[in-house]
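Step one of this worksheet: look at the structure below.
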Amino acid sequence: MQLLKEQILPLVEQAVSAFGATDLPVASMLQPARELDQGDLTLPCFPFAKAFKMSPVEIAETLAASIPEHASLSEVTAINGYLNFRVSPRWLASQLLNGAMETTHEVSDRSVLIEHTSANPNGPFHVGRARNAILGDTLVRLHRLWGHDVTAEYYVDDMGKQVAVLAWALEHLSQTDVETLLHDREASNPTWEGKADHQRVRWYQAAQKLRQDENEAPPIEKAIGELVHASENGDEGVLQAFEDAYQPVLDGMLETLGRLGIQFDRFTKESRFVTNGDVTALMDELGALEINGVADNGAQFIDLGARGLKGKTEFFYRRGDGSSLYATRDIAYHRWKWSMSNELINVLGEDHKLQAKQVGLTLEELGHQRPEVVFYSFIKLPEGKMSTRQGNVVFMDDLLEEAKAQAGKVVSELRPDYEQETIDQIAEAVGTSAVRFNIINVSPEKGFSFRWEDALSFESGSAPFIMYSHTRACSIHRRVSSLESSEGSDALDIPDVLPQGLVDLLRVLGRHNDCLRKVVHDHRPHLFAEQLLHLANGYNAFYRDCYIIDEGEVNQFFYQVSELARDVLRNGMIGLGIIPLESM
RNA sequence: GGGCGUGUAGCACAGCUGGAUAAUGCACCGGCCUCCUAAGCCGGAGAUCGCGGGUUCGAAUCCUGCCGCGCCCGCCA
């Protein structure tokens, strides 16, 4: 609890220096207590034992006796060698209600560019890709909540083999060809008949099937190879044909993402860096580097072994025919990004780790910084990995429909008096929020198996649990507003003894911005999801212990705490992409 | 073979810049709606923190060796 630490650190430092030791890192040793029933902050005294020639238990006791009383503290105790500090709930309440949470935000003029998702536009958005989008968008939202200026960017892969395959298929295969080729596959869901991503992916899949056929493949490979080659050389006609092929697919994907509340500020096409000459200039620069190397056929690489890369150290950036590679263009893209922003964050799948390292080292070689990268492990189905090519996927569109249907069922049971339109709205909000939360709730590096039952859980550890607490606060707000014609007393009267539920809520609120700070700096949004669960839980206990409206009378102190919690909940939910409904 | 990541109750998952009784949800057992939304609240039971060594006053956390799982090791994207 930074709020408390600022107050008592000088007291603790003074008490410790009274022992005669001056250069001890008291500031970093004074830490949040893990055992919350023991206090809010703790100072383990074990490291002092040697220097002071006393037992930790004695040190803690001596220190406890020498800490003066302070408005922010209700209790200082020594237990088993720990010096524990308990915050004064009254002090905490007055701090929080007087805007302490506003001022703990970081003041910064940094502009942050977060690139995420950037999925190849070759088919509908599936759950396997969802971790990138949800993680990335949550980072965007949380940085904004913290006060950063953020640009969310999608890098459009508009010139690779995947788009070439799509373009080729749309040009050369008829609907009948496609359906014949895919006769043994599941038919496409009629719900999405009008959605281009769902339609065109069939062409893509059919082409992939043809490419596996020994007899059919050679001429197709040749044609596709020529297309790729032309695109890499900046052939505008081919690039235009590619765009015509993928843009409707991309639009369909973005529609799906929009339903999850995910939006982008900018789309940057890969081909841009080829056609504007950046890639050529980059390759010339790389060629002049000391660690540049040339292969037998004229292909060029730089040797990153001397820069700490292990394993295969040659990093190829130019083919024998002089054309660029994906990674080369990625480096050009990053140089451009550095010209736009002073902090770069990329969200990438773990399969990109090596590539990201190569790109980062190369950027450093060119005198740039490397971007920060958030890696995540793939989402699998219980049956195995998802793949658009093999058709083994759960489409996000289907997941969201199912989530909405399940949520709708719950709402109709719980609120039989609601009208259908209201039920639909709530169900949509609950469904999409639950899906986001289910994915953001676990740390990115951890493997994740998608399970319907988890994604559609609407109970305690879920988004609806948080949403529900928020609606309770909203309900109170509505009632109080309707009761009060004029504002109540202005001088706030904080009672001497506060109910436990209230104290616990204040403590959760007191830690809230500590959590957000850590989450934004370390790129670990799942910890913020956990914080919001604690906050919702804290609000529920407060709600149980404190009757804000008792026999028609509004307890102003309770109400202000409720309003603060409502505001923090709301902003936190927006930060996670959970929709803050006012009733449900 | 090499590199990176991961392994915590029946299931899922937090904690990993070393610190107290390892947190939370699901499932399981029991209690709470004549009072602000019970999608809630309270209580109970459930864990040799993958296995073996080491460092330390103290190890889920750091080091090391095994084992399981995932990803990567293209002049593909």
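Just so we're on the same page: letters track the sequence lines, and every chain starts at 1.
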- Message: If the cut-off is 4.0 Å, is A:S443 near the phosphate of B:A14, judged by side-chain N/O to OP1 or OP2?
- Response: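 Indeed, a polar side-chain atom of A:S443 lies that close.
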- Task: Determine: side-chain N/O of A:R472 to OP1/OP2 of B:A38, distance under 4.0 Å, yes or no.
- Result: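 For B:A38, OP1 or OP2 has a side-chain N or O of A:R472 closer than 4.0 Å.
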With a non-hydrogen cut-off below 4.0 angstrom, is [X] in contact with a base, only sugar-phosphate, or nothing?
{"X": "A:M159", "answer": "nothing"}
{"X": "A:L354", "answer": "sugar-phosphate"}
{"X": "A:D351", "answer": "sugar-phosphate"}
{"X": "A:Q38", "answer": "base"}
{"X": "A:V163", "answer": "nothing"}
{"X": "A:S460", "answer": "sugar-phosphate"}
{"X": "A:R415", "answer": "base"}
{"X": "A:D157", "answer": "sugar-phosphate"}
{"X": "A:Q358", "answer": "nothing"}
{"X": "A:A49", "answer": "nothing"}
{"X": "A:L325", "answer": "sugar-phosphate"}
{"X": "A:P56", "answer": "nothing"}
{"X": "A:H534", "answer": "nothing"}
{"X": "A:S449", "answer": "nothing"}

- Item | Whole angstrom value for the distance that separates P of B:G15 from CD of A:Q531 |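 So the CD-P distance, A:Q531 to B:G15, works out to 13 Å.
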Where the side chain of [X] is concerned, which of [options] is the nearest nucleotide?
{"X": "A:F316", "options": "B:C75, B:C57, B:C36", "answer": "B:C75"}
{"X": "A:K446", "options": "B:A77, B:C13, B:C36", "answer": "B:C13"}
{"X": "A:D37", "options": "B:A77, B:U21, B:A14", "answer": "B:U21"}
{"X": "A:F46", "options": "B:G40, B:C36, B:G19", "answer": "B:G19"}
{"X": "A:I426", "options": "B:A39, B:A77, B:A12", "answer": "B:A39"}
{"X": "A:E530", "options": "B:C4, B:A20, B:A14", "answer": "B:A14"}
{"X": "A:L414", "options": "B:C13, B:A39, B:G19", "answer": "B:A39"}
{"X": "A:Q31", "options": "B:G19, B:C75, B:A14", "answer": "B:G19"}
{"X": "A:H526", "options": "B:A14, B:A39, B:A20", "answer": "B:A14"}
{"X": "A:R319", "options": "B:G15, B:A77, B:A20", "answer": "B:A77"}

Please determine whether a side-chain nitrogen of the Lys or Arg among [X] and [Y] lies less than 4.0 Å from a carboxylate oxygen of the Asp or Glu.
{"X": "A:E563", "Y": "A:R566", "answer": "yes"}
{"X": "A:R524", "Y": "A:E445", "answer": "yes"}
{"X": "A:K409", "Y": "A:E413", "answer": "no"}
{"X": "A:D514", "Y": "A:R517", "answer": "yes"}

- Query: Syn or anti: how is B:C69 classified when any glycosidic angle within 90° of 0 counts as syn?
  - Reply: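 Chi for B:C69 falls in the anti range.
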Taking the [atom1] atom of each, how far is [N] from [M], in whole Å?
{"N": "B:A9", "M": "B:C72", "atom1": "C1'", "answer": "33 Å"}
{"N": "B:G2", "M": "B:G54", "atom1": "C1'", "answer": "26 Å"}
{"N": "B:A20", "M": "B:U61", "atom1": "P", "answer": "13 Å"}
{"N": "B:A39", "M": "B:C26", "atom1": "C1'", "answer": "15 Å"}
{"N": "B:C76", "M": "B:G15", "atom1": "C1'", "answer": "40 Å"}
{"N": "B:G50", "M": "B:G10", "atom1": "P", "answer": "14 Å"}
{"N": "B:C4", "M": "B:U48", "atom1": "P", "answer": "31 Å"}
{"N": "B:C73", "M": "B:U56", "atom1": "C1'", "answer": "38 Å"}

Spell out yes or no: do the side chain of [X] and the base of [N] have one donor N/O and one acceptor N/O closer than 3.5 Å?
{"X": "A:N84", "N": "B:A20", "result": "yes"}
{"X": "A:Q355", "N": "B:A77", "result": "yes"}
{"X": "A:T42", "N": "B:A20", "result": "yes"}

Please check if any side-chain donor atom of [X] sits under 3.5 Å from a side-chain acceptor atom of [Y], or the reverse.
{"X": "A:S55", "Y": "A:E58", "value": "yes"}
{"X": "A:Q406", "Y": "A:E402", "value": "yes"}
{"X": "A:N346", "Y": "A:H352", "value": "no"}

- Query: Could you spell out the base pairing of RNA chain B in dot-bracket, with Watson-Crick or G-U pairs whose two distances are under 3.5 Å, [ ] crossing and | to another strand?
  - Reply: (((((((..(((......[....))).(((((.......))))).....(((((..]....))))))))))))....
- Message: According to side chain to side chain donor-acceptor pair (under 3.5 Å), who are the partners of A:K5, at least two apart in sequence or on a separate chain?
- Response: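 Checked A:K5 against side chain to side chain donor-acceptor pair (under 3.5 Å); zero matches.
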- Task: Name all residues meeting the side chain to side chain donor-acceptor pair (under 3.5 Å) criterion together with A:Y539; count only those two or more places apart in sequence or in a different chain, and write none if there are none.
- Result: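 In terms of side chain to side chain donor-acceptor pair (under 3.5 Å), with neighbours along the sequence ignored, A:Y539 is linked to A:S562.
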- Query: So which of A:K518, A:H512, A:R511 actually passes side-chain hydrogen bond (donor to acceptor under 3.5 Å, both in side chains) with A:Q531?
  - Reply: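 Per the side-chain hydrogen bond (donor to acceptor under 3.5 Å, both in side chains) rule, the option paired with A:Q531 is A:H512, out of A:K518, A:H512, A:R511.
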- Task: Please name the residue in the list A:Q300, A:E232, A:H229 that meets the side-chain hydrogen bond (donor to acceptor under 3.5 Å, both in side chains) test with A:R319.
- Result: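 Of the listed options, the one satisfying the test is A:E232.
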- Task: Over 60° means perpendicular and under 30° means parallel, so classify the ring planes of A:F46 and A:Y82, tilted if in between.
- Result: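 Rings of A:Y82 and A:F46: perpendicular, as their planes differ by over 60°.
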- Task: Only counting residues at least two apart or in another chain, list the ones meeting side chain to side chain contact (heavy atoms under 4.5 Å, CB included) with A:N555.
- Result: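 A:F557, A:F558.
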- Charged tip of A:R472 within 45° of A:Y543 ring normal and under 6.0 Å: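 Relative to the ring axis of A:Y543, which defines the angle, A:R472 lies inside both limits.
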- May I ask whether A:F378 stacks on the base of B:G70, given the cut-offs of 5.5 Å between ring centres and 30° between planes?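 Not stacked by the 5.5 Å and 30° rule.
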- Between NZ of A:K161 and CG of A:L227, what distance do you get to the nearest 0.5 Å?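 Rounded to the nearest 0.5 Å, the NZ-CG separation comes to 11.5 Å.
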- Message: Nearest 0.5 angstrom please: A:N540 CG to A:F465 CZ, how far?
- Response: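 Reported value, rounded in 0.5 Å steps: 5.0 Å.
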- Message: Can you list, in residue-number order, the parts of residues 535-547 of chain A that come under 4.0 Å of RNA chain B, counting heavy atoms only?
- Response: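 Contacts with RNA chain B under 4.0 Å: A:N537, A:N540, A:Y543, A:R544, A:C546, A:Y547.
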- Message: Contact list please: residues 297-313 of chain A against RNA chain B, heavy atoms, distance less than 4.0 Å, in numerical order.
- Response: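 Within residues 297-313 of chain A, the residues near RNA chain B are A:N297, A:A299, A:K312.
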